[in-house]
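None of the values given here were measured: they were computed from a predicted structure. Convention: sequence-line order gives letters A, B, ...; per-chain numbering from 1.
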Number of protein chains: 2
Amino acid sequence: MSDPSFAPRPTLEAVAARAGVSRATASRVVNGSEGVRAPLVERVRQAVDELGYVPNQAARTLVTRRNDAIAVVVAEPETRFFTDPFFAQQVRGISKELTARDNQLVLLLTEGTADYERVGRYLAGGHVDGALIFSLHTDDSLPTLARRAGVPTVIGGRPGWTDSDSDHGTLYVDCDNRGGARDAVRHLLSIGRRTIAHIAGPLDQTASVDRLDGFRDVLPETDPALIAEGDFTPEGGASAMAELLRRRPDLDAVFAASDVMASGALRVLRTSGRRVPEDVAVVGFDDMVSVAEWTDPPLTTIRQDIEEMGRLMARLLLRAVAPSAGPQSVPALSSIVTPTQLVVRASA
Amino acid sequence: MSDPSFAPRPTLEAVAARAGVSRATASRVVNGSEGVRAPLVERVRQAVDELGYVPNQAARTLVTRRNDAIAVVVAEPETRFFTDPFFAQQVRGISKELTARDNQLVLLLTEGTADYERVGRYLAGGHVDGALIFSLHTDDSLPTLARRAGVPTVIGGRPGWTDSDSDHGTLYVDCDNRGGARDAVRHLLSIGRRTIAHIAGPLDQTASVDRLDGFRDVLPETDPALIAEGDFTPEGGASAMAELLRRRPDLDAVFAASDVMASGALRVLRTSGRRVPEDVAVVGFDDMVSVAEWTDPPLTTIRQDIEEMGRLMARLLLRAVAPSAGPQSVPALSSIVTPTQLVVRASA
DNA sequence: GTCACGCGTGAGAGCGCTCTCCGGGTCGGC
DNA sequence: GCCGACCCGGAGAGCGCTCTCACGCGTGAC
């Protein structure tokens, strides 16, 4: 393969020579630091353009110890996770934010805990300045692993450990699952429903627990028979719905902990001859466009701004990574909980 | 934040000192090269373990000019793209393959062509050894850009340019869209359908064109009124279906160029009072689990092994990147077209 | 016993960049 | 008009690693 780009990439040295300045000055211009007189700046700029100079990141990292790269670690105990548009949207937000700050996104996918060791080594290896972690389960060791690697970390979703542990310095970004769930249930009450069931997500995930807690906040005395656990899949939602109908055929509303599960529930309701929303009102959670708007009928749901959450995660991490600007005045970064919003469509 | 990991990471020098050998020998052991006597190997290994030594990738890259990192570039003119599980699955395959070969995955998302310049700079900057490109549209400039940057590239999906250009050395991996489409239509014929319509994807994408070509291979004389263009969304499939029913209410089968569009078509068929498959048989394309299996009725479709395609892309690229092992005997890498498979469910 | 050969190891030169010093120039103050 | 302060720009020392090259020792052949 006769490589047309055989011309070795120009170095700072070459730029400096062409501009008639020293390497140091060229470096100053390239990095935009103050204290170089305008005419020189101009000459260096021109040399950079003419030569098509691009700084060698490896050399730079070697001396600055900064990578301008962030790892996004995805725990994927279940295959489903990465296929989930939820995650995709969040990554999009992260990517936008990182790009805006000239950081790269290194994606680390794990396939079961066997990969954790590899990820740990990678993080400890100082290849990245920080890590954004997505781990679904409360008992996941990934966050611990990152902390041990000494890498600043932000977690997507509230981690499972109790608040007293939070001064580990591990931050997270999550939406207000509990408040959203309360809104969903209150909406059902407001349209006159009285026998409200809940299809929960897997209860080893904090999001599921929080949504269930929100449900119970409003309906503390609910018959346990009105609560069934799904697994965030359509089929899980379907079988949970079937189970609920068996236990309480008189129910007149369902709050599902995700749109995807709600879509499964809708199918079962239709099959069982119930009309939605006339006989049974349904509220979902997530407002996943590809799901909520295209169910039949379109789903009333709780919206969370997933992309924004991603952006916030990145922003928070970059701030944690940044060399503490103020002299000792670390403004004590804290975790973020974003608001949710009720979106009323036809199903409730 | 009193950083507990204040201990500076050990260097090769430290390992060498502890093992009582030279830096060179330590390096040889770490990189697994031959010609170091067993006892020394053992001593170095132990020193590595005790010190928790992890090689500094930046320093290594600086001298070897290899990054052990691959960029995955996603052109995202439409928001839909990244949300598409199709892409997610492919990335999973890529990730697995890269991980297996100790390469990192750097994700580059572009938001409109404005970002192309940035991506070009990045690729030209030698931060990665190669690039995997996903660009939907035939006229997309991303592949050209990568070629100009002098970075080995593999494209996901057949690129739009004609075959005579292909000796640019730009490789691609695609599934046999045309053959799959032929299978779909032949299946419809085999179950006795005679008036077969096609919902095509956007015809500025090669996948759509190829599937349409496959359709025409089997039914060269089809009434143009039996072909409508969708946009790979459920709503696009729905309106195409509505249009087809208006033009040819007598149709008895539809081959949709994607499962997602087929799902939209199913809804319209139901609304219009047609039974599936009794009145109208429907075949999709992709076999996207979350869609095809959960439509009502479940969709007969053409399966493509998306994850495998991702894996193949990565493998092909790594081979292209590898220092040509054989003496001049470059085995002329070539693009790959993977087979498809008919999956019969209830809809046809 | 001597010489040639070869394998295994060490010394050292960078890879391209940043950043700390310093030196030299310029300007203001008295 | 001279001295000191200030500021801009250059020289040079590494960052941690790989890899070439040269050297030393052990082995086998004559």
(message) With heavy-atom distances below 4.5 Å as the criterion, would you say the side chains of Leu12(A) and Pro55(A) are in contact?
(response) no

(request) Please work out which residues in residues 20-31 of chain B have a non-hydrogen atom less than 4.0 Å from an atom of DNA chain D and list them by number. (result) Arg23(B), Ala24(B), Ser27(B), Asn31(B)

(request) With a 4.0 angstrom cut-off to heavy atoms of chain B, pull out the first and last contacting nucleotide of DNA chain C, in 5'-to-3' order. (result) dG8(C) to dG16(C)

(request) State, with a plain yes or no, whether a side-chain heavy atom of Val73(B) is found less than 4.5 Å away from one of Leu142(B). (result) yes

(request) Would you check if Gln90(A) and Phe134(A) make a side-chain contact, meaning some heavy-atom pair closer than 4.5 Å? (result) yes

(message) Is any side-chain heavy atom of Val119(A) closer than 4.5 Å to one of Leu145(A)?
(response) yes

(message) In the structure I gave you, are the side-chain heavy atoms of Arg60(A) and Val30(A) within less than 4.5 Å of one another anywhere?
(response) yes

(request) Kindly indicate whether the side chain of Leu123(B), heavy atoms from C-beta on, has any atom under 4.5 Å from the side chain of Val128(B). (result) yes

(request) Check whether any side-chain heavy atom of Leu105(A) lies under 4.5 Å from a side-chain heavy atom of Leu109(B), and answer yes or no. (result) no

(message) Can you list, in residue-number order, the parts of residues 117-124 of chain B that come under 4.0 Å of DNA chain C, counting heavy atoms only?
(response) none

(request) Can you sort out which residues in residues 33-50 of chain B have a heavy atom within less than 4.0 Å of DNA chain C? Ascending by number, please. (result) Gly35(B), Val36(B), Arg37(B), Leu40(B)

(request) Nearest 0.5 Å please: distance from the CD1 atom of Ile70(A) over to the CG atom of Leu107(A). (result) 13.0 Å

(request) Decide if atom CZ of Arg118(A) counts as having more than 12 heavy atoms of other residues, nucleotides or ligands within a radius under 6.0 Å. (result) yes

Sequence neighbours excluded and cut-off under 3.5 Å, please list the side-chain donor-acceptor pairs for residues 34-44 of chain B, or say none.
from	atom 1	to	atom 2	distance (Å)
Arg43(B)	NE	Ala19(B)	O	3.0
Arg43(B)	NH2	Ala19(B)	O	2.9

(message) Applying side-chain hydrogen bond (donor to acceptor under 3.5 Å, both in side chains), can you list everything that pairs with Arg23(A), at least two apart in sequence or on another chain?
(response) Glu13(A)

(message) Using a strict threshold of under 4.0 Å (side-chain N to carboxylate O), is an ion pair present between Arg92(A) and Glu111(B)?
(response) no

